[in-house]
Structure formats: structure tokens, C-alpha cells
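Have a look at the structure below before the remarks.
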Amino acid sequence: MANTHYDYIIIGSGIAGLNTALLAREHGSVLILTKGKIDDCNTRYAQGGIAAAIGPGDSPELHFKDTLIAGAGLCDPEAVQVLTREGPQRVANLIHWGVPFDTIHGQIALGREGAHSMSRILHAGGDATGQHIELTLSALVGKSNITVLEYTLATQLLLEGKKVQGVATLSTQGGQTQTFTARTVVLATGGAGQLFRYTTNPEVATGDGVALGFNAGAQVMDMEFYQFHPTALWLEGAPTFLLSEAMRGEGAVLLDESGRAFMADYHPQADLAPRDVVSRAIAAEVGKSATGRVYLDISKLPPDTVKGRFPTIYKFCLDYGLDITRQPIPVAPAAHYMMGGVKIDTWGRTNIQGLYACGEVACSGVHGANRLASNSLLDTLVFAQRLVASSIGQAPPPATPDGRDVNVTLTNRPPVCASMPSLSRENLQDFMWRNLGLSRHGSRLLLAARVTNIWQRTAPTPTDRASYELRNMALLGRLMAEAALLRQESRGSHFREDFPETSAQWEKHIVLVKQEDIQ
Ligand code: FAD
Ligand code: SIN
């Protein structure tokens, strides 16, 4: 039986949770709660790598510039400065901890990805970066005095006034409920790709941390910005498996159904344009085609280069009968990364005392309206370090808001009159894909806001992991729909057919709060 009081409770065991735990153990007792096995997380699947300005000719300033351009005017410059300046040191720490990054002639090998002006992506095992990080960090945790409770779902944050006190949990194996207390609670619960029918994310990515935070009164920001990765495998009978952007960095090209390279028609950076541009270009080409097919072709590279650099992808496709050293790969965009999340400052603090957030669940404004490739793993490292420093009193007092926030309190909407789909995981994923996917329209967003509001209000009282996740997904669907409806412009990953232009008036963040917690 585990203790019930700790200095730190960390919810999640991806890179954000494990890294935070390894840093926090220097300052007190640490409990990690995770709803599946320790390595059930997005991190394990990361392919391309970690971006950091460590190469010759590169600099934090260049990385800063690229991040801001990809973020389409909505990055928080201070947060991006922190990310790009402190990134190299945090990556050095991972190397020190034993993550086996690939090398060439004794130097770290650096790959290229979309919208980066330099080769600055560290990778491990070719395209198995996340697996190596997860293995290295979980092994270190296993050897430490950190307590890990697997198959333990966090169901509620416990508060006393405006201060977090602990976490209520449910065992996903035995069904027992329990509460744990701590002076510091960290949300490190990852993303929400499971909200969409087609996604690169595993089953655990259901947005629980945003729901836990929002229900406790935390501010939630930028929920309208959800990134669709341009190249997921699109093959009958196969999952929408990620085909890393690093493939295009190595020379792979997107082809239409006639075999013509089309990306130069859409952007000066062609196949290495920002993700939102590439995803929408693919959708446009699919719309124009007779077969509904678009391909990623890496067959011009020597077969040994392909097999050596992308062993996981090569093997995965071969298992489905596709030899990528010889054949073009059918691809389509899929839901990939949540830019929005629980609002934090550059020290990982939320608006609730003692509650921090780190990783994909958090939103510091570092990714703006569209995350630059491979900045996510880096984000988790940099802000984990800062939140632990903050938890031991090494951070300055929180700054006053910069006036770029539109604060919105969510209230109930009138019921929908037309017949609506019943709430199930499949119906929700299908509904979100159709109404909050790559291309959005005000009328569909209004319907989505109403339907998800009904789902929220009528979701059955949860009793097990599946029903807790479904309730959380209904809430996240609502948060995404409301923010997307409000943002009457197109910017980064958020494209509105009825407002196709970017508007200077909307160079601000939408911050959502629960009704009873507005001050
Ligand atoms: P995760 O790694 O997803 O961990 C979340 C943890 O929280 C899990 O352990 C989960 O089980 C747990 N959890 C969730 N809810 C609860 C709950 N209620 N109770 C208890 N536990 C809970 N980014 C890059 O920078 N470079 C890349 O190359 C890259 N490639 C990617 C490839 C793929 C296929 C995918 C899906 C993502 C990729 N990303 C990449 C994004 C990046 O991997 C993620 O953003 C990052 O790993 C998130 O880390 P995290 O620790 O925040 O979340
Ligand atoms: C990829 O390898 O294409 C994913 C990189 C990322 O999401 O940052």
C-alpha cells in the first residue's frame, strides 16, 4: 500500500511527468500516477526528434525566429526565448542521463524538419527517438525512490479554497478509489488526439488533464489550435501511423495521383513548409483528384539510407505490404498535437496555487497557433526544469497579464432542436473530425458547441476509465468548439472557410474558465 501524502504528485508518465519527477526527487517525496502502463503515452511514439540550436552556424536566435514564424503571430515571445535559450542545456541533461542520440563521426547527428531554417533535430534509433527517451527516463525512475502507481486514473483535483490539496484516483484494474495529498500537483497528462477519428496518438490521449484543470477552476487557453500532421499512413486496414516529417527533411517528396510534386505550388519552402500549410495543400490535392490519393515518396533515396534512418517506419509499412524503398506511400493528415491547454506562465504555474502543468497538457503560448516540428519534446524539458525551480521558491512572483487575453466564461447554450448523435467515443470522434477538423465553418462550429454542451450535461456519471475519458472528451470538444467559434479569422492551424483571412484584431489568446470560478 502506497503512502497517501507526498511533496509532489505528478499525473502522467510521458517525458513531461518522468523528467519532472527526476528533477523533483531532489526536493522531496514524489508520486507518479499513470492510468496505464508506465510507457502508455505519446512520448513513446515520437519519431522525428528534439529541436535544439546546438549545430554549427545555428543559434537560439534563429530557432526563436523559426518558432515565431510557424506560430503565426500568436507565440508568447518571452516563452519562446526561454525555450530556445535554455533548450540546449536541457538536451545536454538528457544526454547526461543516457539518452542515446544518433551520432555521425562522433558528433550528434542533426536532422531537418519543416519550417526550420537549420538542421537542428536530435534523434535516436533513427526514427525511434521517443521510445529511447521513455526507456531511459523510466529506467532511471525505476532505480530511484520515486513511487509509481500504474493503472491509476486521476479523476479529480482536490482543492481547499484556491489552493490544490491533492488528487482523487480510481484503480483501472480493481476499481478502488483513493485520495492522495501533496503540496505540489503537476498535470503532465499529454494531449487529446483521441478526440478525432483519425489520429497519430495512442488510446491514452483523451485530454484528461485539461478537464481536471478546467473543472478545478484553472484557466484554459488556445483550445481552437489543434495541429493536424500532414503525413499519416492512409492504407486500407492499417492504423493512421505517423510518417515523420524528417522523411521530407531527408528528401522525401509529396506527389499527386499523377506523380507530380505539388508543394512548390503552395509555399516557397515546398515540402518543408509549416505543417498547417502542408496539411491543407494535401486536402486540396485530394479534393482535386479522381482517386482521392496523395503520396509521400522516399524511393529516390538509396534503400540502405531509408532503412538506416527510418527503421521503424520501414518495418511498419513492410508489415502492411508496402516497401517504401520502392513504392510511394499513400498519406493523409491526422490529428496530432494540442497547442492549447491549461494556461501556465514561464515557470509552469497555473492560476491555482500549488497546481502546475507541463508538456502537451500545458499552454505557455510557446507554440502559438501552430507548433514548429520537434519543439514539443523540448518544451517539456525546459518547462519541467522551471516548474521544479518554482516549486522550491526560486521563481519571481507571477507577472500581470499582458492584455493579449480574451477571457470567456462558459455558460450553457440553448438545447439543439435537430436530432443529434448520442454520446459515444466513436460518435464524438467522428463528429469532431467532421466539424473541428482541418477546415471549419461558423455554422458547423455553432452546432458543435451546442452538441458538445448537451453531451457534457448528459454524460453518465463515470464509473470506470472509459466513462471518465468520455466525459473528459465531451468537455474538451466543447472547449475546442467554443474557442474556434469565437475566433472569426484563420490563423495557423485554425482555418475558417467563412473567415479565410488573418485579422490583426485577433492577435490575442482566448482563455476559457468555468462559470463559478470567474473572479
Ligand atoms: P505523454 O507522453 O502523452 O504522457 C501523458 C501521460 O499521462 C501518459 O502516461 C498517460 O497515460 C497519462 N495520463 C493521462 N491522463 C491521465 C489520468 N487521468 N490519470 C493518470 N494518468 C494520465 N514531438 C516532438 O517534439 N518531436 C517528435 O518527433 C514528435 N513525434 C511524435 C510522433 C507521434 C506519433 C506523436 C503522437 C507525437 C509526437 N510528438 C513529437 C509530440 C510529442 O511526442 C508529445 O507532445 C509529447 O511526447 C508529450 O509528452 P507528455 O509527457 O506531455 O505527454
Ligand atoms: C514527426 O516526426 O514528424 C513528428 C515531429 C513532431 O510532431 O514534432
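Atoms within a ligand are numbered from 1 in the order they appear, just like the ligands themselves.
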(message) Among all protein heavy atoms in this structure, tell me which lies nearest to atom 2 (O) of ligand 2, with the distance rounded to 0.1 Å.
(response) S244 OG, 2.6 Å

(request) Name the closest protein heavy atom to atom 17 (C) of ligand 1, giving the residue it belongs to and the distance to 0.1 Å. (result) D208 OD2, 3.6 Å

(message) Quick check: do H509 and K343 have side-chain heavy atoms less than 4.5 Å from each other?
(response) no

(message) For F196 and Y198, I'd like to know if the aromatic rings sit close, meaning centre-to-centre distance below 6.0 Å.
(response) no

Ligand 1 contacted by [X] (non-hydrogen, < 4.0 Å):
X: T152; result: yes
X: G130; result: no
X: H123; result: no

(message) For Y320 and F316, take the angle between the two ring planes, folded into 0 to 90°, and tell me which bin it lands in: parallel under 30, tilted 30 to 60, perpendicular over 60.
(response) tilted

(message) With a heavy-atom distance limit of 4.0 Å, tell me whether R275 approaches ligand 2 through its side chain, its backbone, both, or neither.
(response) side chain

(message) Tell me whether ligand 2 is touched by A373 - counting only heavy atoms on the residue side and a distance under 4.0 Å.
(response) yes

(message) Quick check on L242 - does any of its heavy atoms sit under 4.0 Å from an atom of ligand 2?
(response) yes

When only distance counts, is [X] in polar contact with ligand 2, meaning an N/O pair under 3.5 Å?
X: Q227; value: no
X: R371; value: yes
X: G48; value: yes

(request) Indicate yes or no for a side-chain donor-acceptor contact from H229 to the backbone of T231 under 3.5 Å, with no hydrogens or angles considered. (result) yes

(request) Measure across V210 and M223 and return the closest heavy-atom pair with its distance rounded to 0.1 Å. (result) CG1-CE, 4.2 Å

(message) Within 45 degrees of the ring normal and closer than 6.0 Å to the centroid, is that where the cationic atom of R349 sits relative to Y356?
(response) no

(message) What I want to find out is whether E360 reaches R371 closely enough, with some N-O distance under 4.0 Å, to be called a salt bridge.
(response) no

